[in-house]
Amino acid sequence: MWVLTPAAFAGKLLSVFRQPLSSLWRSLVPLFCWLRATFWLLATKRTKQQLVLRGPDETKEEEEDPPLPTTPTSVNYHFTRQCNYKCGFCFHTAKTSFVLPLEEAKRGLLLLKEAGMEKINFSGGEPFLQDRGEYLGKLVRFCKVELQLPSVSIVSNGSLIRERWFQNYGEYLDILAISCDSFDEEVNVLIGRGQGKKNHVENLQKLRRWCRDYRVAFKINSVINRFNVEEDMTEQIKALNPVRWKVFQCLLIEGENCGEDALREAERFVIGDEEFERFLERHKEVSCLVPESNQKMKDSYLILDEYMRFLNCRKGRKDPSKSILDVGVEEAIKFSGFDEKMFLKRGGKYIWSKADLKLDW
């Protein structure tokens, strides 16, 4: 058939052109029909041959390879919701008082390490509340010594940290991030960071000295909101010289700081995108500034709650997965809502080990 087709086509063509001109057009129509039928037949036979070669199990359209499981490279473990401050915009509020037994928490951290975790960040609530910081210290040491994680960090309001803690656990900690939203103590009181006679700003400066003395990288986190959006913090931040100054736009999370079941009403703290951009523009000379708008922040963090459940924030609230202690990391992380592309885009992976930071202590 393959050999005869060109010959048959030539014969047909010659027979057409031997006819008088008047009948030429009448002959072309059946010629075109014959050509169409011939090439359709060839295509059909070729397809059948391909299907036979592929076998009965491969006749269906090839499916795409399933996506690779998400690797929990950097995890934020909020092991407690309890806090001694009452920040009005807090998006992880004291809805429970539960804290896992220490050995169970260690078991979960081991599961995360086996799944590919490189960095753990302990947060709350206020992480230094539990057992006066001893619970936290033991987890920090476990992660650095036994799990040998490249980076172990803490986010704290700093009010409960004592120098003794640095003496016992400082060598195991890579980064200490202190929350500071203003260098005006009256503004801190308005926000909810006031605590009697303690001065939040003075305490921040003391913690900076301790980080230098005990070789812990120092970081500052600030939530930009209605009460501090017009402030200029340039000189104070430069003087403290943190390795990173993380600047967040105030974020609403249903059930946490807005909505019927929320313990906070953060609507009065919210600022618009343009206001946030103006704040960033005012501080563009601060080289350590790392801005995070609501869009960047919402789905780009792997958040683990006090039960070791991943929290999915894609619908504007925190929907928990099953605990990694019950179903494992690979199964639980499927329901995390984690946006890995945004995590990388916002600079979520950086030099986060103090051994690599090469700081001038």
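No experiment lies behind these values; they were computed from the predicted model shown.
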Pair Glu256 + Arg317, salt bridge at N-O below 4.0 Å: no

Check: Phe89 and Val270 side chains under 4.5 Å, non-hydrogen atoms: no

Can Glu126 and Asn157 be counted as having a side-chain donor-acceptor contact under 3.5 angstrom? yes

I'd like to know if Glu254 pairs up with Lys318 as an ion pair, taking the criterion as any Lys NZ or Arg NE/NH1/NH2 lying under 4.0 Å from an Asp or Glu carboxylate oxygen. no

Counterpart residues, side chain to side chain contact (heavy atoms under 4.5 Å, CB included), relative to Leu190 (two or more places apart): Phe227

Have Ser74 and Glu118 got a donor and an acceptor in their side chains that come within less than 3.5 Å? no

With distance as the sole test, does Glu185 use its side chain to make a donor-acceptor pair with the main-chain N or O of His200 at under 3.5 Å? yes

Go through the side-chain N and O atoms of Asn76 and Ser123 and say whether any donor and acceptor fall under 3.5 Å apart. no

Hey, does the side chain of Asn312 reach the backbone of Phe335 with a donor-acceptor pair shorter than 3.5 angstrom? yes

Check the side chains of Glu306 and Thr80 for a donor-acceptor pair under 3.5 angstrom, ignoring hydrogens and angles. no

Do side-chain atoms of Arg282 reach the backbone of Val229 as a donor and acceptor pair under 3.5 angstrom? yes

Using only atom types and a distance under 3.5 Å, with no angle test, would you say the side chain of Ser353 pairs donor to acceptor with the backbone of Ser151? no

Look at the side chain of Lys113 and the backbone N and O of Gln148, then say whether any donor-acceptor pair between them is shorter than 3.5 Å. no

So do the side chains of Arg164 and Arg132 get within less than 4.5 Å of each other, counting heavy atoms only? no

Enclosure of Arg314 CZ (heavy-atom neighbours >12, cutoff 6.0 Å): yes

Side-chain donor-acceptor pair present, Gln249, Ser293, cut-off under 3.5 Å: no

Are the side chain of Asp131 and the backbone N or O of Glu134 linked by a donor-acceptor pair below 3.5 Å? no

Under a 3.5 Å cutoff, is there a donor and acceptor pairing between the side chains of Asn203 and Ser159? no

Would you say the side-chain atoms of Asn221 and Asp181 include a donor-acceptor pair closer than 3.5 Å? no

For Lys86, does the NZ atom sit with more than 12 other heavy atoms under 6.0 Å from it, leaving out its own atoms? no

No-hydrogen, no-angle side-chain donor-acceptor test under 3.5 Å, Ser222 and Trp245: yes

Centre of Phe218's six-membered ring, under 6.0 Å away, within 45 degrees of the axis: is that where NZ or CZ of Arg212 sits? no

Just checking, Arg346 and Tyr301: is the charged tip under 6.0 Å from the six-membered ring centre and within 45° of the axis? yes

Verify, without hydrogens or angle tests, whether Lys354 (side chain) and Arg215 (backbone) share a donor-acceptor contact under 3.5 angstrom. yes

With no hydrogens and no angle check, is any side-chain donor or acceptor of Lys296 less than 3.5 Å from a backbone partner on Met342? no

Do any N or O atoms from the side chain of Asp174 and from the backbone of Ser153 form a donor-acceptor pair under 3.5 angstrom? no

Do the side chain of Asn228 and the main chain of Val223 share a donor and acceptor less than 3.5 angstrom apart? yes

Sidechain N-carboxylate O distance under 4.0 Å for Lys334, Glu331: yes

